[in-house]
Amino acid sequence: MIGLIEVLLLAVFAGFVGSLTGLGGAAIITPVLVYFDIPIKVAIAASMVAIIATSSGSASSYVKERLSNVRAAFFLEIFTAIGAITGAIVTGLISPTPLYFFFAGTLITSLVAIRLRKPKAPGAEVHQDRLASWLRLEGSYYDKPTKKEVTYKLNRPAEAAPGMFVAGLAAGMLGIGGGAFKVSVHETILGMPSKVSTATSNFIIGMTALAGASVYFSSGLLYLDLAAPLAIGTTLGAMAGARVLPNLKDERVRSLFLLVLVVVIIEMLYKGVASL
Amino acid sequence: MNYAQTGSQTLELTSQWSVTSNNFFSFVASGLPSFISSPSPFGLVALGVILLMLTPYVRVLVSVVYFAKTDDVRYLGITLVVLAIITLSLLYL
């Protein structure tokens, strides 16, 4: 079993990395807790509280910095929340084994897609489709490292919707992978700048985690002596991360995300093989 | 958390720390009055976790009000849909 100090340290680290990558930190917390002999479902339930803490610890300053695209976040959250609820309902009914491989495969695809994606030339005009312009999916923020105002337009929201449903499904069923999926969809389909992608994901993941959370209140899997120190630690880590992100270059944010994405893919494959 | 009683820092994950409630709102509804009438370590920690878990919910509520005030009908609709989905999940899931 794990001690209080270790949980706090783990949580601060996970909150910090989570807020910088938009991944919520469950992908870091869950395997460490499992390593310390905590049952996986108990670890996932506690991670869910940690995801909400990461989201809340960073969301306010990301909105203040205009890094979160609030409009895109709410449009996408419709599909993610439905996915999370669906995932929570079917989790007891169907075997998760094929899902682990499905998610690992999809994340590998998006890993390659994000690696190959070339940054747009400055001033290049994006021709939004009708839904994107109806939803006014655009924004601007002040980029501290380059000292420039960055304006961007997003595209193809209708194609992002099913991707976000799958992201919610991952969050609700497996407890990890939701954030990785979201950030991948943001970058490869909508065309978000990396920082906006991270900040918008952080805005969304708290709501998604909450939508899938009720299951844990009736299941008796949520232990507050584990969840509370995780929540405190991730909040502190996320607040620190939120102060760092605006000062990082987009490429750095993307590299960090890709690094953590590799960890998530390995975890997915490992769990998939272990559940065979 | 048995640190206070025994000095041990190991998290025991005993049933006294586990949450059993029908759904989130009933957890809130039963947790708050019992904590106020008889404060306990579990009640205090539960209160903190409840407040934390309410933050994303409040985020949606505030956004609904914001889009209503700015007469943004499209996004008022979208945020109301999100609010409905999350509320239903917290009540019935």
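Naming: A, B, ... by sequence-line order, numbering from 1 per chain.
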- Not counting sequence neighbours, which residues clear salt bridge (Lys or Arg N to Asp or Glu O under 4.0 Å) with A/E65? List them please. A/K144

- Listed partners of A/R136 passing salt bridge (Lys or Arg N to Asp or Glu O under 4.0 Å), at least two apart: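 Partners of A/R136 by the salt bridge (Lys or Arg N to Asp or Glu O under 4.0 Å) criterion, ordered by chain and then number, come out as B/D72.
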
With a 4.5 angstrom heavy-atom cut-off, is it the side chain or the backbone of [X] that approaches chain B, or both, or neither?
X	value
A/V7	side chain
A/I232	neither
A/F36	neither
A/A59	side chain

- Hey, which residues of residues 60-69 of chain B are touching chain A, say heavy atoms under 4.5 Å apart? B/V60, B/S63, B/F67

- Do A/K153 and A/S133 meet the criterion of a side-chain donor-acceptor pair at a distance under 3.5 Å?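 On atom types as modelled, these side chains do not qualify, holding no pair under 3.5 Å.
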
- Message: If only side-chain N and O atoms count, and only distance matters, is there a donor-acceptor pair under 3.5 Å linking A/S47 with A/T30?
- Response: yes

Do [X] and [Y] have side chains that approach each other closer than 4.5 Å (heavy atoms only, starting at C-beta)?
X	Y	value
B/P56	A/S56	yes
A/M192	A/T198	no
A/R243	A/S61	no

- Note on the structure: Applying ring pair (Phe, Tyr, Trp, His ring centres under 6.0 Å) to A/Y62 and not counting sequence neighbours gives none

